[in-house]
2 protein chains.
Amino acid sequence: MAERAGCCLPKLAPRLDAAEARRISNDLAILAHPIRLQILDLLAQYQGQVCVCDLEAALPVKQPTVSHHLKILREAGLITAERQGLWIYYSICCDTVQTMRERLLAQFALLG
Amino acid sequence: MAERAGCCLPKLAPRLDAAEARRISNDLAILAHPIRLQILDLLAQYQGQVCVCDLEAALPVKQPTVSHHLKILREAGLITAERQGLWIYYSICCDTVQTMRERLLAQFALLG
DNA sequence: CATATATATTGAAGGTTGTCAATATATGGC
DNA sequence: GCCATATATTGACAACCTTCAATATATATG
């Protein structure tokens, strides 16, 4: 255990460096919105069958806002889109969700 | 599996209601900041021995910013403060961290 | 009590995020 | 090609977040 000189510990090195902290907080920020969580939940529940108008009907926001959140999730690799005629069906990317979950779990383990 | 009428599924009920979604996204938002993650990490690493000036020295932000993030973490119940003379020593609240972790895990399980 | 130090609070400035109306793009049917 | 429908994009506005200098508060010491 470190010795004190005056008030402070001599040196305090974070195990979590700035870059990794940024990466994890980015992951968290993507999930940290109620509409996005509900979208992910609906996609998980009705895998592969959900189009944007389904989401628009189920959620308390308008179509451009749904599209906006879908874009954020798409760019994070958490969901994928497949066009079928007029409609675009969205699905969860279980791999990416899994990866994100493991990174978060590892972080929680350090805090535990 | 649901029948389609026109484009959309007939009804799409989120398992995750708006209130629960808000609660989880609040939890996530508290963690979704690199400085707060680094603070939690440092507190976990040096349990009970870390004062604000230690944090200020270890992190790339000024003292009022450290205090600001400490307040957010305190109000979320993730950390506690104990004054000893001039200094205030912060610790992680493992219980709250644990609770939060379990809520997030449960949510991830639904997405998995 | 005056001084010095540690931490908290306030208030201002700048940046980011969330939302929506309006508009654009893509597709299918006539 | 024209119309209707589904989704995406743009741009504007408001709300919120982050940061810091300045200031306030708390405590210890002489």
Side-chain angles (χ1 to χ4, degrees), chain A residues 4-9 12 18 21-22 25-40 42-43 48-76 79-91, chain B residues 4-9 12 18 21-22 25-40 42-43 48-76 79-91:
Chain A
R4 291 203 161 264
C7 89
C8 295
L9 290 165
L12 219 80
R22 215 174 315 122
S25 64
N26 282 347
D27 282 3
L28 289 163
I30 287 160
L31 299 175
H33 192 286
I35 297 292
R36 290 198 286 273
L37 287 178
Q38 286 186 295
I39 289 175
L40 289 173
L42 286 166
L43 294 186
Q49 308 186 79
V50 184
C51 63
V52 180
C53 52
D54 289 318
L55 295 171
E56 191 184 351
L59 297 170
V61 289
K62 304 283 183 184
Q63 180 266 320
T65 303
V66 174
S67 271
H68 170 69
H69 290 298
L70 288 171
K71 186 180 194 182
I72 290 170
L73 294 170
R74 236 187 301 120
E75 288 177 350
I79 65 178
T80 51
E82 194 188 352
R83 168 151 245 152
Q84 273 177 42
L86 273 182
W87 300 285
I88 298 178
Y89 293 93
Y90 278 92
S91 312
Chain B
R4 292 205 160 263
C7 91
C8 295
L9 290 165
L12 220 81
R22 215 173 315 122
S25 64
N26 281 347
D27 282 3
L28 289 163
I30 288 161
L31 298 176
H33 192 287
I35 296 293
R36 290 197 286 272
L37 288 178
Q38 286 186 294
I39 289 175
L40 289 174
L42 287 166
L43 295 185
Q49 309 185 78
V50 184
C51 63
V52 180
C53 52
D54 289 320
L55 295 170
E56 192 184 351
L59 299 170
V61 289
K62 303 283 183 185
Q63 179 267 320
T65 303
V66 173
S67 272
H68 170 69
H69 290 298
L70 287 170
K71 186 181 195 181
I72 289 170
L73 294 170
R74 237 188 299 123
E75 288 176 351
I79 64 177
T80 51
E82 193 189 350
R83 182 176 276 267
Q84 272 177 44
L86 273 183
W87 298 285
I88 298 178
Y89 292 93
Y90 278 92
S91 311

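Just so it is clear: chains get the letters A, B, ... in the order the sequence lines come, proteins before strands, and each one is counted from 1.
- In this structure, A/L59 places its CG atom 10 Å from P of C/dT19, rounding to the nearest Å.
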Find every protein N or O atom lying less than 3.5 Å from an N or O atom of nucleotides 20-24 of chain D, and list the pairs.
residue	atom	partner	partner atom	Å
D/dC20	OP2	B/K62	N	3.0
D/dC20	OP2	B/T65	OG1	2.9

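- A/E56 has its CD atom 13 Å from the C1' atom of C/dA21, to the nearest Å.
- For the ring-ring contact (aromatic ring centres under 6.0 Å, His included) test, no residue two or more places apart in sequence or in another chain qualifies with A/H68.
- Put simply, CH2 on A/W87 is 13 Å from C1' on C/dA26, counting in whole angstrom units.
- Atom CG of residue A/L55 and atom CG of residue A/L42 lie 6.0 Å apart, to the nearest 0.5 angstrom.
- The nucleotide D/dG30 finds its pairing partner in C/dC1, both defining distances of the Watson-Crick or G-U wobble pair being shorter than 3.5 Å.
- No donor-acceptor distance shorter than 3.5 angstrom exists from the side chain of B/R36 to the backbone of B/Q38, with no hydrogens or angles considered.
- If you check D/dT18, C/dG18, C/dA8 against the side chain of B/R74, the one that comes closest is C/dA8.
- One interatomic measurement links the two molecules: CZ of A/R83 to P of C/dT25, which rounds to 14 Å at whole-angstrom precision.
- Nearer the 5' end of DNA chain C, as judged by each residue's closest nucleotide, is the contact made by B/K71, out of A/Q84 and B/K71.
- Within the 4.0 Å cut-off from OP1 or OP2 of D/dA8, at least one side-chain nitrogen or oxygen of A/Y90 is found.
- For the segment residues 27-36 of chain B, residues with any heavy atom less than 4.0 angstrom from an atom of DNA chain D are, sorted by number, B/H33, B/R36.
- Partners of A/R74 by side chain to side chain donor-acceptor pair (under 3.5 Å), not counting sequence neighbours, listed by chain and number: A/Y90.
- Rounded to an integer number of Å, the gap from CG of B/L73 to P of C/dT7 is 16 Å.
- Taking atom OH of B/Y89 as the reference point, atom P of D/dA26 lies 20 Å away to the nearest angstrom.
- We find the CG-CG distance between A/L28 and B/L28 to be 6.0 Å, quoted to the nearest 0.5 Å.
- A distance-only check finds a donor-acceptor pair linking the side chain of B/S25 to the backbone of B/A21 [under 3.5 Å].
- At whole-Å resolution of the value, CD1 in B/I79 and P in C/dT7 are 13 Å apart.
- Within 4.0 Å of A/I88, counting heavy atoms only, lie sugar-phosphate atoms of the nucleic acid but no base atom.
- Rounding to the nearest 0.5 angstrom, the gap separating the CD1 atom in B/I72 from the NE2 atom in B/H69 is 6.0 Å.
- Scored by the side chain to side chain donor-acceptor pair (under 3.5 Å) test, B/Q63 finds B/S67 as partners (sequence neighbours excluded).
- Look at CD on A/E82: it is 18 Å from P on C/dA26, rounded to the nearest Å.
- Considering only residues two or more places apart in sequence or on other chains, B/Q84 meets the side chain to side chain contact (heavy atoms under 4.5 Å, CB included) condition with B/E82, B/Y89.
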